[in-house]
Structure formats: structure tokens, C-alpha cells
Amino acid sequence: MPTAVAVAFRFFRMEVTRVTPLGPSLVRVTFGGPELTDIASGGRDQSVSLFLPQPGARDPLVPVEAGEDWWHAWRALPETERAVMRTYTVRAQRRTPDGGTEIDIDLALHGAGADAQGPSTAGPAARWAARAVPGDRVLLYGPTVEDNRAVKFRPPHGTDLVVLWADETALPAAGAILESLPPGVRARAWLEVRHPDDRQALATDAEITWLVAAEGAPDGLTAIRSAVWPGARAPYAWIAGEAGAVKELRRHLVGERGLDRRSVTFTGYWRRGLSEDRMRAEGAGAE
Ligand SMILES: Cc1cc2nc3c(=O)[nH]c(=O)nc-3n(C[C@H](O)[C@H](O)[C@H](O)COP(=O)(O)OP(=O)(O)OC[C@H]3O[C@@H](n4cnc5c(N)ncnc54)[C@H](O)[C@@H]3O)c2cc1C
């Protein structure tokens, strides 16, 4: 795996070209636009920042003209006017027949979708995703080089078993990771979703256990705790999803299973009861 980590990121203007429901809890939004020709996703769990317009606005308000100081300029705008910034994963990047580039981002609806029961507590990104239509405009802050610091899945040399845990927010990353593994790499994945129809067909020969909440499946910690990994001498674990669950799983892997800390990549993708803005302000991720 590459170790040199580059830092080249920039803004890309793009617009929705297709919306494909993936099940009750996730929607795939495909984006295109001339600027995307220069994007260079590193694949696997490549994360990016999405900037979404405020409800009722046509365009997301980000002072890109401030150059490297855009963050402070964006923060200085009133919260009700500036674009909503949220972190997502590039599920796929493709060339189009006309020589352009398009990317897929899979967004969890967490309550804002068709299966919404009662008033939704979903955040602005989930609400945006539930209503996205072709032509909607957003900004993305993402990489121009494939080897960049927002790719976290980096198994150490000699890894003989890849262990994954993901909830629905990290399913896009887990899917891209599994599909990127060279043939012959042993992998075991526990993927937690709400609904039976949230299961996806993934192009991998990894052993996958779908933990479907609506079917009364155990949570990831319970399932992984009772699993045996015969013959694995150098396992590498990648875990991402709700920050509290990630913390407990990491504790199990390092404390109870004895995995080397450097062999566990863990990221809190969201925290129950906190918006991403609050999570960022409180440093409440699990990483
Ligand atoms: C590196 C990284 C990569 C990510 N990749 C993806 C991705 O590809 N797809 C994806 O869907 N998400 C992804 N996420 C998670 C996503 O950024 C968060 O779920 C984010 O909070 C969604 O924003 P929001 O505006 O919908 O909700 P917010 O305004 O941030 O939060 C509003 C409320 O919703 C709750 N909430 C947030 N997420 C969930 C959830 N999944 N289920 C139930 N309640 C929730 C919060 O706890 C809060 O109470 C990623 C996060 C990180 C850090």
C-alpha cells in the first residue's frame, strides 16, 4: 500500500445527473459536470466534503474566491445562508462515453426517505438526498491526486485477513473497499443495515454477514465478538459508522482480541444525537 500521502484538494462544481434508490435507507446520487474531469478519487474509503444549498436556494454558498482561506470565510457567513457542509464517500468514479467524468455518492436517508415514520429528525443532507433530482447543483471539495490523506484504508504489508465493520453510512466505503481487494485477499465483513432490502450485491468473494436490524440481527460488536478467525496471524481491521459503536468495537479488537493498534483503522462517521457540525465542534468523532 502507498505510504506517501499527498494533500492536493480543490473545489469542483457539479450537478446531479441521476438518482437511483438502493433500498429504503440509501440513495445513489450520480454527479457530473465539466470540472469533474480533474477529480482523482483514490477509491476505497475516499472521503470528500459536499456543500449543499440551503433549502430554497439554487446554489450552495461557499466563498471559493477566498482561495485557501475559504474555510474561515465560509464560517464567517450566517449559518442560515452558508452551504451545508457534510462528509461523504466517493462510491465510484467513471469516465463517460463523451469523455467526461461522473461520480457516485450513496447517501443514507436516516429517516427522511419514503419509509419515514412521523416527523423526521434527519439532518439537512439526508433531507437533500431524499429530494435530489437531476440538475440540482452542489460543490464538492475533493482530491486531484489519487494518493491523498482522505483515503484511510491502508492495510499494513503482510496483512493476511481484512476485517470490516460498517453501518449504512459506511456501507459505500466498505463496498468500494471490498471491490478493490485483489483476488486471494481473505476478507470478512459485517455490514449493519436497517431493512432486508438495504442489502446490496457486491462484486467480491469476501465472506459477508449482513446484520439486518429489522430481522432482529445482533449488533456488530456482538456478532464480531463471537466470530473466530482461524489461521489469521496478521489481521487488519477497518471499522466505520456510528461513533459510539466504533469506539466499542475498537476496544474489543485491541483490548480483547489483542490486535496491534496500528492494524485497526477506525472512524466515527456520525454520532447519535449530534449533527456533523456539532460533532466537528466538539471533536466527538471516534478517530
Ligand atoms: C469520512 C466519512 C465518510 C462518510 N461517508 C458517508 C457516505 O458515503 N454516505 C452516508 O450516508 N454518510 C456518510 N458519512 C456520514 C455522514 O456524514 C453523516 O451521517 C452526516 O451526519 C449526515 O448529515 P445530515 O445533514 O443528514 O445529518 P446531521 O445534520 O449531521 O445530523 C442530524 C441528526 O441526524 C443524526 N444522524 C446522522 N447520521 C445518521 C444516521 N446514519 N442514522 C441515524 N441518524 C443519523 C445525527 O446524530 C443528528 O442527530 C460519512 C462520514 C464521514 C466522517
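Numbering starts at 1 and runs along the sequence shown. Remember, it's 1-based here, ligands and their atoms both numbered in the order they're listed.
- Summary of contacts: the protein heavy atom closest to atom 18 (C) of ligand 1 is Tyr269 O, 3.7 Å.
- Clustering ILVMFWY residues whenever any of their side-chain heavy atoms sit less than 4.5 angstrom apart, transitively, puts Ile39 in a cluster other than the one holding Val151.
- In this structure, Arg86 is not positioned above the aromatic face of Tyr88 in the sense of NZ or CZ being under 6.0 Å from the six-membered ring centre and within 45° of the axis.
- Nearest protein neighbour of atom 30 (O) of ligand 1, counting heavy atoms only, is Glu276 N, 2.7 Å.
- Against a heavy-atom cut-off of under 4.0 Å, Ala108 is close to the following atoms of ligand 1: 10 (C), 11 (O).
- If you check which protein heavy atom lies closest to atom 5 (N) of ligand 1, you get Thr89 OG1, 2.9 Å.
- Near Glu168, the atoms of ligand 1 lying under 4.0 angstrom from a non-hydrogen atom of the residue are 41 (N), 42 (N).
- Nearest protein heavy-atom contact of atom 47 (O) of ligand 1 is Arg271 O, 2.6 Å.
- Residue nearest to atom 23 (O) of ligand 1, selected from Arg86, Lys152, Glu242, Arg280: Arg86 (by heavy-atom distance).
- Among protein heavy atoms, atom 33 (C) of ligand 1 sits closest to Thr121 O, 3.9 Å.
- The distance from atom CG of Asp104 to atom OG1 of Thr20, rounded to the nearest 0.5 Å, is 7.5 Å.
- Nearest residue to atom 6 (C) of ligand 1 from Thr169, Val84, Val27 is Thr169 (criterion: closest heavy atom).
- Listed by number with element, the atoms of ligand 1 under 4.0 angstrom from any heavy atom of Ala125 are 23 (O), 24 (P), 25 (O), 26 (O).
- Counting atoms of ligand 1 from 1 in the listed order, those under 4.0 Å from a heavy atom of Ser47 are 1 (C).
- Hydrophobic clustering of Ile, Leu, Val, Met, Phe, Trp and Tyr side chains at less than 4.5 Å, counting indirect connections, unites Ile208 with Val162.
- Between Gly273 and ligand 1, an N or O atom pair is found at a separation short of 3.5 Å.
- By the 3.5 Å distance cut-off applied to N or O atoms, Gly268 is not counted among the residues near ligand 1.
- Among all protein heavy atoms, the one lying closest to atom 35 (C) of ligand 1 is Trp270 CE3, 4.3 Å.
- Taking the six-membered ring where tryptophan is involved, the planes of Trp238 and Phe153 are perpendicular, since the angle between them exceeds 60° and thus also 30°.
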